[in-house]
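Notes for the one structure printed next.
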Number of protein chains: 2
Amino acid sequence: MPDGYDRRMPRTSSGSLQSLRRANQERLLTLLLRKGPVHRAELARLADLSRTTVSTIVADLMARGLVVESRGAGPGSDGRAKETLVVNPAAAVALGMDFTFDHVWVHLSDLGHNEIAGAGQAVDVDLGWAERIDVAADLLDRLIEANGLDRARIVGAGIGLPGPIEKSTGIVSTSLPGQPWSHVHAADEFAQRLRLPVAIENNTRLEAVAESYSGAGRGVRDLLYVGLSSGIAAGLILDGRVFRGAVGAAGELGHTSVNVDGPACPCGNRGCLVLHAGIPAVLAALRPHLGAKATVEDVLAAAAAGDRACEGVLADVGQMTGRVLASLCNLLNPERIVIGGELARAGEVLLEPLRTAIRRYALTLVREVDVVPAALDLGAKAGAVGGAALVLRERLDLAAALVDLTDPPPASTEGVAS
Amino acid sequence: MPDGYDRRMPRTSSGSLQSLRRANQERLLTLLLRKGPVHRAELARLADLSRTTVSTIVADLMARGLVVESRGAGPGSDGRAKETLVVNPAAAVALGMDFTFDHVWVHLSDLGHNEIAGAGQAVDVDLGWAERIDVAADLLDRLIEANGLDRARIVGAGIGLPGPIEKSTGIVSTSLPGQPWSHVHAADEFAQRLRLPVAIENNTRLEAVAESYSGAGRGVRDLLYVGLSSGIAAGLILDGRVFRGAVGAAGELGHTSVNVDGPACPCGNRGCLVLHAGIPAVLAALRPHLGAKATVEDVLAAAAAGDRACEGVLADVGQMTGRVLASLCNLLNPERIVIGGELARAGEVLLEPLRTAIRRYALTLVREVDVVPAALDLGAKAGAVGGAALVLRERLDLAAALVDLTDPPPASTEGVAS
DNA sequence: AATCTTTGTCAAGAGTCTTGACGAAATTGC
DNA sequence: GCAATTTCGTCAAGACTCTTGACAAAGATT
């Protein structure tokens, strides 16, 4: 370990009086973020605290620049004028990074989950992990520079890596060939490099978090995010929290067998979904029709232009996926399913058969599930957005803890009711 | 609503100083239950509280009879003698009830999840819900009488009903014919009748809770319980908590399709697992061999006696189930799978092919899952045990809150180190 | 203009946790 | 055996956090 920088996120709360105060600070911040501009008395009712306490805590938060007063249009009722409060979104910044096999994405969000800046860069698939970190660090430096940001205001980093993640160390626990991250102690490496508390997470799960916070899954407690690409993976938000599984390997959907008598899959099983609905399968089915060099873009374009063969194959993908999701709905009873990944760009051609399959094959109660396309998957930056959201979601206390008294940030002028 | 009795469990904690105290009380109780006899200083370290605070809280708990001192064999180290503390298991009682289609089960557990008493009774499948409650109430009265229990010491009831449960009201939200509970406001009915805080839960989930607390899944954070009976259902413990799904319908496993081209199922799907591995399928396959009146017991007995045909069918059940569980392991990456239900009594004849299928068809990382038989399924009382465990698990604060100062229970003499 | 309602703040007080000191009870070393 | 050492449990003082009740301020209502 290069030096003693503590990469762990601070504990949430427990026991002492100070932790009670911290928990209440976080509670008020969360309420302010969710309920928008409210005045102190209303906040006190929402949080089940006395007005006095709310005043004290808010004064503290305001001294640190986390909350600003805006004599705004409160809900019109009688009584004294309300000094409405809003979170100052510019008070803190969350960093997200996402490393796919051929891209590096960096994203900065403010406290309100608004995008401050983002950038991506293609990298050579053979590039080593250290060099990938270099690329990301460069991108980050440039974003900070270009936007005149204060580095000290970044409160944490959420980082997406491909594959299952050993939770405490952030080690990617596969040793597939061509996987640059395997057995790297990613949590330490990133913490040293960025000098920030970091959370390492599988990138499909980060996409799920992104959709859950700023995308098509906003406010949904039990959310299933499905990424349809070369592989087919799921990100699970269960009971409002990211679900990782015992060793961080939860979410593999592509190797769900849909036919015990189906073709053999390299994974050892037979009739895996990915053999029918993965991008390689789609291309294999359509190259006789579109030509040997056809890409996913070609398929999507042709389908959009009305090519029946392409539409048919994409509909089959939807139908097959829908059957698997029907079983999944029986098991998990999600409230909403968000479909992302490259193939999701096919739109209704794929989604409609998928929905139909769920309605047809899932049991009565659970088939009421919403099925919607991802809202953020434009250019695959979703993972990085999710990384930043993860910091804000699970570590909001950080914002309260780390933003320093000595340097109150300027109140932002946007996002404040006038 | 017949009268104003509040059926809701009290809120866990939040905000005020009193709730901090309650949370710390609960924390200490939980630690005492889990870590066995410890002395105050050790408890303070475990809870991250000062010795003084622990002393204060413990004194309070002792005054209420929840904790007793036992000059026991502490871990031998130097220093002053340790006044070891243990929870007085007799201080509070949790009630569990389970209603299956033809049985009523009642169970009483003490604070340490030990069985105090239990009873079951067969009922007519056509019996209405009100009469079923009568039966349960009678059983409860008799248990209380026979064991000389103090009714006031019962801190809550966990009640299992068949089918998906609407969480807040406890309404069973199916309207299948022959389902006596459909659209009954079960939470209110039981609360009125028992005059206790109640939690209504699906009975397979309660069996999962039981296994998770006192059975084969002790201490496992991500646990999959599978009940193999006429239907095939799962109870999911994810991240250490019972997972219910959006409308409380999570856990249906039997209608996972294993073969898209398989036989049609009444559910609307094709090739459902239950068509291959449910009890009706097993009997259908073996009645030509064993005779038209053969029962599950006959099949199990014959298999145990070495009947090849029966062994083969049970092995097929295991293999089929294992294939589905392999996909499920890919998706959820559980740490352990507990197999319960009537068919699980077949033992290794069924389990070994099941394990083999998982090892063969699941991906590398997730197939390290433990697969073990249920430990509690003797006589199907597991659901009631789980109901009591649910009360103790999620509502331990109740024990601290409801046990009254004025009437400290006698210290139990069992379970205390001498 | 007077009254009403609700807000935000202040002072006093109650509840909870921590710190530092000290006696008590066992182990260790001579 | 006896002193030194270690750790425990408790006490008193103090610090921190929340609440209660009172009151002035700011707008709405009459």
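The structure displayed is predicted, hence computed values, not measured ones. Chain identifiers are assigned alphabetically (A, B, ...) following the order of the sequence lines, protein sequences preceding nucleic acid strands; residue numbering begins at 1 within each chain.
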- Note on the structure: Rounded to whole Å, CG of B/Leu43 lies from P of D/dT10 at a distance of 13 Å
- Does OP1 or OP2 of C/dG8 have a side-chain N or O of A/Ser55 closer than 4.0 Å? no
- Note on the structure: To the nearest angstrom, the CD1-C1' distance between B/Ile57 and D/dG9 comes to 15 Å
- Interatomic distance, B/Met62 CE vs D/dG9 C1' [rounded to whole Å]: 12 Å
- Message: Does B/Ser50 contact C/dT19 through a side-chain donor or acceptor facing the base, at a distance under 3.5 Å?
- Response: no
- Integer-rounded Å distance: D/dT17 P and A/Asp48 CG: 19 Å
- 5'-most contact on DNA chain D (nearest-nucleotide basis), B/Ala41 vs A/Gln18, goes to B/Ala41
- Message: By nearest atom, which of the nucleotides C/dT7, D/dG21, C/dG20 is closest to the B/Thr52 side chain?
- Response: C/dG20
- Between atom CG in A/Leu28 and atom P in C/dG8, what is the gap in whole Å? 13 Å
- Rounded to the nearest angstrom, tell me the gap between atom CG in B/Leu49 and atom P in C/dG15. 20 Å
- Message: With a 4.0 Å cutoff (strictly under), does any side-chain N or O of A/Asn24 reach OP1 or OP2 of D/dT17?
- Response: no
- Query: Would you say A/Thr53 reaches D/dT19's phosphate, i.e. side-chain N/O to OP1/OP2 under 4.0 Å?
  - Reply: yes
- Answer yes if the side chains of B/Thr53 and B/Ser50 hold a donor-acceptor pair under 3.5 Å, and no otherwise. yes
- Query: Roughly how far apart are B/Ile165 CD1 and B/Glu201 CD, rounded to 0.5 Å?
  - Reply: 6.5 Å
- Message: Between the side chains of B/Glu42 and B/Arg51, is the shortest nitrogen-to-carboxylate-oxygen separation below 4.0 Å, so that they form an ion pair?
- Response: no
- How long is the line joining CD of B/Glu42 and P of D/dT7, in whole Å? 12 Å
- Hey, mind stepping through B/Glu26 and B/Arg21 against salt bridge (Lys or Arg N to Asp or Glu O under 4.0 Å) and telling me if it holds? CA-CA 9 Å; B/Glu26 188 181 339; B/Arg21 171 50 73 98; over 6 Å; no
- Side chain of B/His39: nearest nucleotide among D/dC8, D/dT10, D/dT17? D/dC8
- Can you tell me how far C1' of C/dG15 sits from CZ of B/Arg22, to the nearest Å? 14 Å
- Are the side chain of B/Arg27 and the backbone of B/Ala47 linked by a donor-acceptor contact shorter than 3.5 Å? yes
- Query: Which residue, B/Arg51 or B/Thr56, contacts DNA chain C at a nucleotide closer to its 5' end, judged by nearest heavy atom?
  - Reply: B/Thr56
- Task: Kindly say if A/Arg27 contacts the phosphate of D/dC18, meaning a side-chain N or O under 4.0 Å from OP1 or OP2.
- Result: no
- Give a yes/no on whether any side-chain N or O of B/Arg40 is located under 4.0 angstrom from OP1 or OP2 of D/dT10. yes
